[in-house]
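Okay, structure first, notes after.
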Amino acid sequence: MEFEQRAKEIIKAIPRGKVATYLQVASLAGNHRAARQVARVLHSSSAKDRLPWQRVINSRGGISLKRGHGFEEQKRRLIKEGVHVDSRGRVDLDVFQWEPGGTRFASAREFLRNLAKQKPSSSGRAF
DNA sequence: CCTATGACAGACA
DNA sequence: GTGTCTGCCATAG
């Protein structure tokens, strides 16, 4: 429940017009191996907690929801806030990925790689 | 305790 | 690029 709570707060912190990956949220929440739990949290309580769920996408920069089961709505919501999503549901992470704290890395992948190196529960706060 | 779940990620063919 | 397989782990029951 600790993890879940932190994950929710992180998701709420993703700014309009930016996206974060499940892995990124999990890492920021203190456990880079818990990406699936982020998915689970969104699945079970995104509506109830008014989370900006549309801003969470997978590590390949794509929408994970399936067509006919949320894909279209997520795409609409993202486009409405200025994120470019192509017909296949892909977003350019190098352009739209959220960089908490404005940390600069050579690339989005480098940024993620760095986060993923943290040990679970390690001192926390990447903000 | 055990099992099931989940909108994942990475490695590999 | 695609498809499959495996590891992953916090929660709920």
Side-chain angles (χ1 to χ4, degrees):
Chain A
M1 178 143 172
E2 177 107 348
F3 175 86
E4 180 174 331
Q5 209 39 255
R6 281 189 310 231
K8 285 179 184 172
E9 299 198 2
I10 287 158
I11 291 166
K12 285 190 243 173
I14 305 171
R16 271 181 69 90
K18 288 292 180 182
V19 297
T21 66
Y22 297 90
L23 172 61
Q24 184 180 5
V25 172
S27 296
L28 291 170
N31 189 344
H32 74 276
R33 289 176 294 208
R36 303 194 74 179
Q37 283 58 251
V38 175
R40 188 179 165 283
V41 166
L42 281 137
H43 174 80
S44 50
S45 55
S46 60
K48 167 175 139 14
D49 294 300
R50 309 242 166 94
L51 302 174
W53 58 270
Q54 71 273 21
R55 298 177 191 150
V56 185
I57 63 182
N58 65 39
S59 67
R60 295 133 193 131
I63 289 175
S64 280
L65 290 172
K66 298 185 176 157
R67 294 184 184 265
H69 294 88
F71 175 95
E72 292 82 359
E73 188 184 352
Q74 183 165 13
K75 181 177 170 184
R76 264 202 317 276
R77 285 176 174 238
L78 284 174
I79 289 175
K80 188 158 65 178
E81 52 185 73
V83 176
H84 177 266
V85 185
D86 71 18
S87 55
R88 308 234 318 167
R90 305 297 298 273
V91 172
D92 187 344
L93 288 179
D94 288 327
V95 175
F96 297 104
Q97 183 170 38
W98 176 41
E99 292 179 7
T103 318
R104 286 186 170 280
F105 287 93
S107 69
R109 295 209 78 78
E110 171 84 4
F111 171 72
L112 266 188
R113 235 167 43 72
N114 231 279
L115 285 179
K117 281 186 174 170
Q118 297 178 29
K119 288 198 163 186
S121 310
S122 75
S123 65
R125 234 45 8 106
F127 295 96

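These values consider heavy atoms only, across backbone and side chains, with no hydrogens, waters or symmetry-generated copies. Source: prediction; values computed, not measured. Lettering of chains follows the sequences in order, A, B, ..., and the numbering in each one begins at 1.
Regarding A:His69, its NE2 atom lies at a distance of 13 Å from the P atom of B:dG6, rounded to whole Å. In this structure, A:Arg33 atom CZ and B:dA11 atom P are separated by 15 Å, rounded to whole Å. When rounded to the nearest whole Å, the span between CG of A:Leu65 and C1' of B:dC8 equals 12 Å. What separates CD of A:Glu72 from P of B:dA7 is a distance of 16 Å, to the nearest Å. For A:Leu23 and B:dA11, the CG to P distance is 12 Å, given to the nearest whole Å. Whole-Å rounding puts the A:Trp53 CH2 to B:dC8 P distance at 14 Å. Going from atom CD of A:Gln5 over to atom C1' of C:dT11 covers 14 Å, rounded to whole Å. For the pair A:Leu28 CG and B:dC8 P, the computed distance is 18 Å after rounding to whole Å.
Closest approach of A:Ser46 and A:Trp53 over heavy atoms only: CB-CB, 3.8 Å.
Taking only side-chain nitrogens and oxygens, A:Asn58 never comes nearer than 4.0 Å to OP1 or OP2 of B:dA7. Here A:Ser64 does not reach the OP1 or OP2 of B:dA7: none of its side-chain N or O atoms lies under 4.0 Å away. At B:dG10, one or more side-chain N or O atoms of A:Ser59 fall inside 4.0 Å of OP1 or OP2 (strictly under the cut-off).
Looking at heavy-atom distances under 4.0 Å, A:Ser46 makes contact with a base.
Side-chain atoms of A:Gln74 come within 3.5 Å of backbone atoms of A:Val56 as a donor-acceptor pair (strictly under, hydrogens ignored). When atom types are taken as modelled, the side chain of A:Arg55 and the backbone of A:Ile14 share a donor-acceptor pair closer than 3.5 angstrom. Side chain of A:Gln37 to backbone of A:Asn31: no donor-acceptor contact under 3.5 angstrom is found. Checked by atom type and distance alone, the side chain of A:Asn58 pairs as donor or acceptor with a backbone atom of A:Arg60 at under 3.5 Å.
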* Asked: When you look at A:Arg77 and A:Glu73, which way does the salt bridge (Lys or Arg N to Asp or Glu O under 4.0 Å) test go after all the steps?
  -> CA-CA 6 Å; A:Arg77 285 176 174 238; A:Glu73 188 184 352; 2.9 Å; yes

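Residues A:Phe3 and A:Arg88 each lie close to DNA chain C; by heavy-atom proximity, the contact nearer the 5' end of the strand is made by A:Arg88. Taking for each of A:Arg40 and A:Ala34 the nucleotide of DNA chain C with the nearest heavy atom, the 5'-most of the two is the partner of A:Ala34.
Look at A:Glu72 and A:Arg76 and you find no salt bridge, because none of the NZ, NE, NH1 or NH2 atoms lies under 4.0 Å from a carboxylate O.
Across the P atoms, C:dC8 and B:dC12 are found 15 Å apart, a figure rounded to whole Å.
When each of C:dT11, B:dC8, C:dA10 is scored by its nearest atom to the side-chain atoms of A:Gln37, the top-ranked nucleotide is C:dA10. With C:dC9, B:dA9, B:dA7 as the choices, the nucleotide that has an atom nearest any side-chain atom of A:Leu42 turns out to be B:dA7. For A:Ala35, whose side chain is taken as the heavy atoms from C-beta onward, the closest listed nucleotide among B:dA7, C:dC9, B:dA9 is B:dA9.
Checking A:Ser27, A:Ser64, A:Ser59 one by one against A:Tyr22, the side-chain contact (heavy atoms from CB on, under 4.5 Å) holds for a single residue, A:Ser64.
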List, with names and distances, any nitrogen or oxygen atoms from the protein found under 3.5 Å away from nitrogen or oxygen atoms belonging to nucleotides 3-7 of chain C.
from  : atom 1 : to      : atom 2 : distance (Å)
C:dG7 : O6     : A:Arg36 : NH1    : 3.4

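Pairing for B:dA7 is absent, with no Watson-Crick or G-U wobble pair whose two atom distances lie under 3.5 Å.
Between the side chain of A:Tyr22 and the base of B:dA7, a donor-acceptor pair under 3.5 Å is found.
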